Structure formats: C-alpha cells, structure tokens
Amino acid sequence: MEIRSDYASDTYRVVYTTSDGVPMITTDKETTGFTIEAPSAYGSVGTPLDVDYVVYVSTVASSAMGGVLTFSEADASQLEVTFDDPISTANYRVMLSPEGFFPAYVTNKTKQGFTVTIGIGLADPATVDVGYDVIV
C-alpha cells in the first residue's frame, strides 16, 4: 500500500497498529510518502483489514527523546535507553518502529529511561534497528 503526502524531509518515523498484531514496516520513504509492507498477504478484497498508522515528523533529527537502537547478538535481545536528564514521571509513552518483521516492546520504564526488548534472537554478524520516540 502506498501512502502519498508531503513531508518536509524523509527523517519521519511511522508506527503501525493492527487488530491482530501483525507487524508492518515502512519502505521507500520519501518526502512525498512511503510504502507499507506486511510479512505476507494481508487481508483481501472480500475481507479487508485495517492498518492504523501515525506519522511522527519530528523524530531523531530534532528531539533528544528519540533515536535508533541497533541490536546485535551481544545484546541478548535487550538494550537500555538512558535519558540525559531524568524526566518528571515514568508515565510516558514510547513508540517503537522496528525495521523488520519482529516484535519489539518496552519494559522497565523509569524516570531515568527504559529497556527495549526484541522478540528474536540474532546470530553474529546480523543486526536489526528499532527506532523509538518518547512522548511525555
């Protein structure tokens, strides 16, 4: 599925939600839009399935509360994010955007940071990226 719009740059991040938990990824990011990909055929003409998405335009390039984590075999599927300065509450939202068809979730949220866990094991030299944005 192609989505076309106008974005100031291609540094935005897209986060997806599906009713059945199927992961989606973003490809072909341009300032005029992007393509949504599923790991296999998703829905049909007779049985359409909705994919909700949010485009975050102000991400890594302009925020100290966002970034990209690169996981490797040595990370044991977990990486920690530590804020430069503690924030006032642990009641914040972290939006994750994995760059692949694997689950990623947040654990251990504190005022100082959080942990991101991925649901796959990696063999050396494989790596995977997970983008994150914190919304306070």
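Everything numeric in this text was worked out from a predicted model, so none of it was measured.
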Qualifying residues under side-chain contact (heavy atoms from CB on, under 4.5 Å), relative to T27, sequence neighbours excluded: I25, T35, E37

Classify the ring geometry between Y12 and F34 as parallel (under 30°), tilted (30 to 60°) or perpendicular (over 60°). tilted

Rounded to the nearest 0.5 angstrom, the CG-NZ distance for N91 and K109 is 6.0 Å

When hydrophobic residues are tied together by side-chain contacts of less than 4.5 Å, even through go-betweens, does L69 share a cluster with Y105? no

Rounded to the nearest 0.5 Å, how far apart are CD1 of I118 and CG of L96? 11.0 Å

Roughly how far apart are F83 CZ and Y92 OH, rounded to 0.5 Å? 4.0 Å

V51 and M24, any side-chain heavy atoms less than 4.5 Å apart: yes

Taking side chain as C-beta onward, heavy atoms only, is E99 less than 4.5 Å from V68? no

May I ask you to check whether over 12 heavy atoms, not counting those of D50, lie within 6.0 Å of atom CG? no

From E73 atom CD to L122 atom CG, the distance as rounded to the nearest 0.5 Å: 8.0 Å

Distance (rounded to the nearest 0.5 Å) between M65 CE and I135 CD1: 10.0 Å

I need the minimum non-hydrogen distance between S77 and G121, along with the two atoms involved. OG-CA, 4.1 Å

List in chain and number order the residues that pass ring pair (Phe, Tyr, Trp, His ring centres under 6.0 Å) with Y42, two or more places apart in sequence or in another chain; answer none if no residue qualifies. none

Does the side chain of F71 reach to within under 4.5 Å of the side chain of V116, using non-hydrogen atoms? yes

Taking C-beta and beyond as the side chain, do F114 and V134 meet within less than 4.5 Å on heavy atoms? yes

Can you tell me which residue among L79, V81, V106, V15 is in a side-chain contact (heavy atoms from CB on, under 4.5 Å) with Y132? V81

Under a single-linkage definition using a 4.5 Å side-chain heavy-atom cutoff for Ile, Leu, Val, Met, Phe, Trp and Tyr, are I120 and V130 assigned to the same hydrophobic cluster? yes

Closest approach of R13 to G67 (non-hydrogen atoms, all atoms of both residues): NH2-O, 3.4 Å

Decide yes or no for V22 and Y16: does some side-chain heavy atom of the first lie under 4.5 Å from some side-chain heavy atom of the second? no

Measuring from I36:CD1 to D28:CG, what's the distance to the nearest 0.5 Å? 12.0 Å

Between V14 and S97, the two heavy atoms sitting closest are O-CB, 3.6 Å

Give the minimum heavy-atom separation between S88 and K111, together with the two atoms involved. O-CE, 3.4 Å

